[in-house]
Amino acid sequence: MRAIPAGETRGYGEVALSAGFPRGARRVARVLGENTDPHLPWHRVLRADGRIALPAGSAAAAEQVARLRAEGVVVEDGRVRAARRPARHALDALLWAPAPPAIIRRPK
DNA sequence: TGCGTGACCCAGG
DNA sequence: ACCTGGGCCACGC
């Protein structure tokens, strides 16, 4: 999470994957809920569709918007502009990359 | 052991 | 763009 550059955002699923936990999106969310480190850039983590995950109208959500805007991220109606997020195919590229990181998706 | 819950994700419609 | 159903995973009671 600390590796996410300021001004950029990532989805919970992407953070989980980067940390070595495919399908661990909910886990990331839970960890964030218990985080107390004010320096952790938790605000750069959004839902896969770019929306703020925290309950709309909550103080925490407002805090996240404030932090994002302070980094130049455009937040509109509880949502971050697509252009500021990694391309939609980024996750697929990671999962299906030819060589590393050799992560297997469990079949349905 | 079982079951509901949630800062989640995705394919379909 | 929104809603739904199914899947996922860790907790807590």
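The chains referred to below are lettered A, B, ... by the order of the sequence lines, with proteins before strands, and numbering in each begins at 1.
- Atom pair A:R30:CZ and B:dG6:C1' shows a separation of 11 Å (rounding to whole Å applied).
- Side-chain proximity of A:A25 to the nucleotides C:dC2, C:dC11, B:dC9 is greatest for B:dC9.
- Of the listed nucleotides (B:dA7, C:dC8, C:dC2), C:dC8 has the atom at the smallest distance from the side chain of A:R23.
- Using a cutoff of 4.0 Å between basic side-chain nitrogens and carboxylate oxygens, A:R30 and A:E34 are scored as salt-bridged.
- Straight-line distance from the CZ atom of A:R47 to the C1' atom of C:dA1: 13 Å, rounded to whole Å.
- Across A:P5 and A:R10, no two heavy atoms sit closer than the pair CD-NH2, 4.1 Å.
- Atom CH2 of A:W42 is separated from atom P of B:dA7 by 14 Å (rounded to the nearest Å).
- Residue A:L17 contributes atom CG, which lies 18 Å from atom P of B:dC8 at whole-angstrom precision.
- In this structure, A:L40 places its CG atom 13 Å from C1' of B:dA7, rounding to the nearest Å.
- Distance, A:D49 CG to B:dC8 P: 10 Å, rounded to whole Å.
- Remark: the backbone N or O of A:V75 is not paired with any side-chain donor or acceptor of A:R81 at under 3.5 angstrom.
- Following rounding to the nearest Å, A:L54 (CG) and B:dA7 (C1') show an atom-to-atom distance of 5 Å.
- B:dT5 atom P lies 19 Å from atom CD of A:E34, rounded to whole Å.
- As rounded to the nearest Å, B:dA7 and C:dG6 have P atoms that lie 22 Å from one another.
- The base of B:dC8 is paired with the side chain of A:R26 by a donor and an acceptor separated by under 3.5 Å.
- When the side-chain nitrogen and oxygen atoms of A:R27 are compared with OP1 and OP2 of C:dC9, none of them lie within a distance under 4.0 Å.
- The number of heavy-atom neighbours closer than 6.0 Å to CG of A:D37, taken from other residues, nucleotides and ligands shown, is above 12.
- Both tests do not hold together for A:R47 against A:Y12: distance to the six-membered ring centre under 6.0 Å, angle to the ring axis within 45°.
- One C1' atom belongs to B:dT1, the other to C:dG12, and the distance between them is 14 Å to the nearest Å.
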